[in-house]
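This report refers to the structure that appears directly beneath it.
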Protein chains: 2
Amino acid sequence: MGSTLHDVARIAGVSIKTVSNVVNNYPHVRPSTREKVLSAIEELDYRPNLSARGLRSGRTGVIGLAIPELRQNYFAELADSIIRAADAHGVGVVIDQTSATREGELAVLSGERLRLTDGVLFSPERLGQDDVNLLNVGFPLVLLGERIFGGPTDHVTMRNVESARAATEHLIGIGRRRIAVIGAHPVNQDDIRSANLRVRGYREALDAAGLPYDTTLVRTAAPWHRENGAVAMRRLLEDGVDFDALFTLNDTLGLGALRALGEAGVRVPDDVAVIGFDNIDESRFSVPSMSSVDPGRDEIARVAVDTLLSRIHEKGEPAPPRQILADYRIVGRESTGFSEPIEAEPPRPSPPWRNPLAVERVTRGPGARRAAPRNRASARRADALRSAHVTTLADGRHKRG
Amino acid sequence: MGSTLHDVARIAGVSIKTVSNVVNNYPHVRPSTREKVLSAIEELDYRPNLSARGLRSGRTGVIGLAIPELRQNYFAELADSIIRAADAHGVGVVIDQTSATREGELAVLSGERLRLTDGVLFSPERLGQDDVNLLNVGFPLVLLGERIFGGPTDHVTMRNVESARAATEHLIGIGRRRIAVIGAHPVNQDDIRSANLRVRGYREALDAAGLPYDTTLVRTAAPWHRENGAVAMRRLLEDGVDFDALFTLNDTLGLGALRALGEAGVRVPDDVAVIGFDNIDESRFSVPSMSSVDPGRDEIARVAVDTLLSRIHEKGEPAPPRQILADYRIVGRESTGFSEPIEAEPPRPSPPWRNPLAVERVTRGPGARRAAPRNRASARRADALRSAHVTTLADGRHKRG
DNA sequence: CAGGGAGTTTCTAACGTTGTACTTCCAACG
DNA sequence: CGTTGGAAGTACAACGTTAGAAACTCCCTG
């Protein structure tokens, strides 16, 4: 079935190494030779055997993405973005679902489940700060999310505190004063995790506006699924707490809460204004459409893939671990009194289909110490990310701050 | 960093092949030897190199899943189920997004994008019946979805006509007579594709009930995204067409339509009863919750993976292509007048973490012609699927038909 | 026209694993 | 007691690729 370099070499009447040189775009091949080889490749429909290439080169051209569950919208959209970003480099993605269990996450770090991959993007949900030393694994690893900070690996994440503060300020800005929160962590509220960081941002906004921090307004919910958003909202209503706005720590909780508000006959945004977090596609289409924080998922995906690949190709002394933060923006929709028309399907650029034979290769400068081009590019992008954030309001204005 | 069989063999004082035998659970190894080898493996933290194994054995233990886009809920949930099913066999999944372009789908079939995979599960969206001969590819391929029938490959899919008919009967059963449809295909309405099959089921139900087929009630929408569901519903309302029920050909269209109905002040289910198709998680949490057809996604995933793996391990003459249909059920919710409480998060069984070293191996009987055990198991399951379908109503009753 | 050098091509040895063929050993059997 | 057969272990050759060094062309120069 599959033909090999040998077959091509025989047909083209050259040595197997010459064929390899042609396939790998080695520059010093006589045009006439290249031509012969290419037509033999064509004739035999030759495809390089990636197992052999992987064995020889130590690289497979596949990275792993370890996430809790694809059926959570946030992760499906993240995976989508990451697969696109990886595809732009000709790299494949194996998805590993940890089912949000500690066991599953440990299995990721142990490398058992690392199948044929050159490195892993890992978004833990159960592991926490105490497990930071487990991150010293023998393969390139880039961390996503908020569970662990200051570890030995690169880390790409979002500005949780600042963006949660901005979300709260968005609610304060439309005149709300009693702002409930759903999604706080039930147990350890000092732990570093999205929930606590976002609550901190919420609190900072209250403080800055001179509003009191009322613990009866801050509700726990875990995991962040619709069900639990609905349950928390029902409790909030049952308890008779007075509130005029709601900040849910992610969108799915918000959609559940919206549902419970609807059942209870509470009007949104008239009685209660609602903002979520994540800006998943779905939030645009709830009734009413839900305002949200867009944490910059595409940028996170792009930067995470770039960072991982540069680690995979890194030579010599490893650079110190980097932490990279993406931009965020506030998206105002009906649930906070902004209206946004539903337009037809926004076009999504399809990836350019690439030369299927070539290997992605990092040019090695003579110094070899210096970071490869892609490294510098992503470092530059990272700097750009660090430098500014932009808040976009629904009316399209941009506010640099 | 990584240690090899050689290292383990040296430490254990045995030959490299004996280590290989231990790793692969070859039975004829003296317990004491096995013990020595295992402790050497432990000591060195040995992990088999999958590229080398893949090169030697011709198999990588990874399959491909080619779908339009992960951010479409249906595909995210399908991918989730497929990854779980593959994981149960110790097999990894590389996801390839075609962006729902013909170009992308052709690239899947050309094998260019088949990275390091033993076979591919492919859910085409743009290719159609005319492309059936393109399915003669040189690698194991299992088709999902409704775009192409009667091809040279195995095909796992759902009972579109019957289940759409059942959905329509569900609406008729609650007394509706003017049933609109959203999601018909804009161009070729005879082509074999989900849209047309489901419309056919709708029509069969009307015929059986003696209701007229009114083309003004049947609306096109493509692709099946929320936006387009909302747009189609607005048009339907603008056109002043009289209708008391809506069958959307998938859930996302339905959620968009629900949104447009809400905007227009139309009450669901009082004025218009709505049922969708796919039973994605989201439909349980819309306002109101949306009835749907559950097409048996988990079963499809399980059977598809089993089928693909049995093809990958198949020896000798290939068996003729099989077509396998999953069971469906109708899930009644508020949008058709059924109520369903929102419960706390349903437990999802986490996969058992498996022996990380062992290879999945098909026992070879002496006859070698006969299908391997797994083949027979999945064939049996397939027969079971073919034999019966069950309609579950919201009240929990089951109806065998 | 010999010598040098850049450009081009070939030779050969890995990469880490598994299958085949082979040896050795021991127990059971006639 | 010799033979047989299976269990237990070993040696070695692949699998298809790439890297490094060696070798072979040219063409240019002194």
Side-chain angles (χ1 to χ4, degrees), chain A residues 1-37 40-41 44-61 115-116 118 315 356-362 364 368, chain B residues 1-37 40-41 44-61 115-116 118 315 356-362 364 368:
Chain A
M1 186 142 314
S3 43
T4 74
L5 283 183
H6 279 97
D7 303 327
V8 177
R10 197 163 25 77
I11 301 277
V14 297
S15 83
I16 159 183
K17 182 65 206 292
T18 299
V19 180
S20 173
N21 285 338
V22 169
V23 168
N24 293 295
N25 295 320
Y26 179 71
H28 302 305
V29 177
R30 209 195 313 271
S32 61
T33 314
R34 182 183 302 274
E35 206 44 58
K36 269 192 305 187
V37 171
I41 285 178
L44 292 176
D45 192 27
Y46 166 77
R47 301 276 159 66
N49 176 318
L50 298 192
S51 286
R53 185 179 271 178
L55 172 59
R56 186 58 241 233
S57 67
R59 263 181 239 127
T60 60
R115 271 181 244 284
L116 232 16
D118 296 332
K315 307 229 172 279
L357 298 182
V359 198
E360 172 127 309
R361 214 175 261 282
V362 174
R364 308 189 193 125
Chain B
M1 185 142 315
S3 41
T4 74
L5 284 183
H6 279 96
D7 304 327
V8 176
R10 198 161 26 76
I11 300 278
V14 297
S15 82
I16 159 183
K17 186 65 211 286
T18 298
V19 180
S20 173
N21 285 339
V22 170
V23 168
N24 292 296
N25 297 320
Y26 180 71
H28 302 307
V29 177
R30 208 194 317 270
S32 61
T33 314
R34 181 181 302 275
E35 206 44 57
K36 270 191 303 185
V37 170
I41 285 177
L44 294 175
D45 192 27
Y46 166 78
R47 301 276 159 64
N49 176 317
L50 298 190
S51 286
R53 187 178 269 176
L55 172 59
R56 189 58 241 240
S57 67
R59 264 181 237 126
T60 60
R115 270 181 246 285
L116 231 17
D118 295 332
K315 308 229 171 278
L357 298 181
V359 199
E360 172 126 310
R361 214 175 262 283
V362 174
R364 308 186 194 129

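Here is the naming used below: chain letters follow the sequence lines, and residue numbers restart at 1 for every chain.
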Using C1' atoms of five pairs at each end, report the bend of the helix from C:dC1-D:dG30 to C:dG30-D:dC1 rounded to 10 degrees.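 Taking five pairs per end, the axes differ by 60°.
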
Output the rounded distance in Å from [atom1] ([X]) to [atom2] ([N]).
X       : N      : atom1 : atom2 : answer
A:Arg59 : C:dC15 : CZ    : P     : 16 Å
B:Leu50 : D:dC15 : CG    : C1'   : 16 Å
B:Ile41 : C:dG16 : CD1   : P     : 16 Å
A:Leu55 : C:dT18 : CG    : C1'   : 13 Å
A:Arg34 : C:dG7  : CZ    : P     : 15 Å
B:Asn21 : D:dA8  : CG    : P     : 11 Å
A:His6  : C:dT10 : NE2   : C1'   : 12 Å
A:His28 : D:dC24 : NE2   : C1'   : 16 Å

Going by the side-chain contact (heavy atoms from CB on, under 4.5 Å) test, name the single residue among B:Thr18, B:Ile16, B:Val22, B:Asn24 that passes it with B:Ser20.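 When B:Thr18, B:Ile16, B:Val22, B:Asn24 are each tested with B:Ser20, the side-chain contact (heavy atoms from CB on, under 4.5 Å) holds only for B:Asn24.
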
Out of the candidates A:Val37, A:Val14, A:Asn21, only one should pair with A:Val29 under the side-chain contact (heavy atoms from CB on, under 4.5 Å) rule; please name it.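 Only match with A:Val29 under side-chain contact (heavy atoms from CB on, under 4.5 Å): A:Asn21.
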
Under 4.0 Å between a side-chain N/O of [X] and OP1 or OP2 of [N], yes or no?
X       : N      : answer
B:Ser20 : C:dT18 : yes
B:Ser15 : D:dT10 : yes
B:Tyr46 : C:dT17 : yes
A:Thr18 : C:dT10 : yes
A:Asn49 : D:dC15 : no
A:Ser51 : D:dT17 : no

Would you say that B:Leu55 contacts A:Asn49 through its side chain, given a criterion of any heavy-atom pair below 4.5 Å between the two side chains?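 Result yes, sub-4.5 Å side-chain heavy-atom pair found.
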
For A:Tyr26, answer base if it contacts any base atom (sugar-phosphate contacts may also be present), sugar-phosphate if it contacts only those atoms, and nothing otherwise; contact means non-hydrogen atoms under 4.0 Å.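 Base: the residue A:Tyr26, judged by heavy atoms under 4.0 Å, touches a nucleobase.
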
Sugar-phosphate only, base, or nothing, as touched by B:Ile16 at under 4.0 Å among non-hydrogen atoms: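 It contacts base atoms.
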
Return whichever of B:Gly13 or A:Leu5 has its heavy-atom-nearest nucleotide of DNA chain D closer to the 5' end.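 On the 5' side of the pair lies B:Gly13.
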
Using the closest heavy atom to pick a nucleotide of DNA chain D for each, name whichever of A:Arg30 or B:Ser57 lands nearer the 5' end.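 Counting from the 5' end, the first nearest nucleotide belongs to B:Ser57.
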
Do B:Lys17 side-chain and D:dA11 base share a donor-acceptor contact under 3.5 Å?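 Checked by distance alone, the answer is no.
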
Tell whether B:Arg56 reaches the base of C:dT18 with its side chain through a donor-acceptor pair below 3.5 angstrom.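 Yes, a donor-acceptor pair under 3.5 Å.
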
For A:Ser51, side-chain hydrogen bond (donor to acceptor under 3.5 Å, both in side chains) partners two or more places apart: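 Once residues adjacent in sequence are excluded, A:Ser51 has no partner under the side-chain hydrogen bond (donor to acceptor under 3.5 Å, both in side chains) criterion.
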
Could you walk me through whether B:Leu44 and B:Arg10 pass side chain to side chain contact (heavy atoms under 4.5 Å, CB included), step by step? CA-CA 11 Å; B:Leu44 294 175; B:Arg10 198 161 26 76; over 6 Å; no

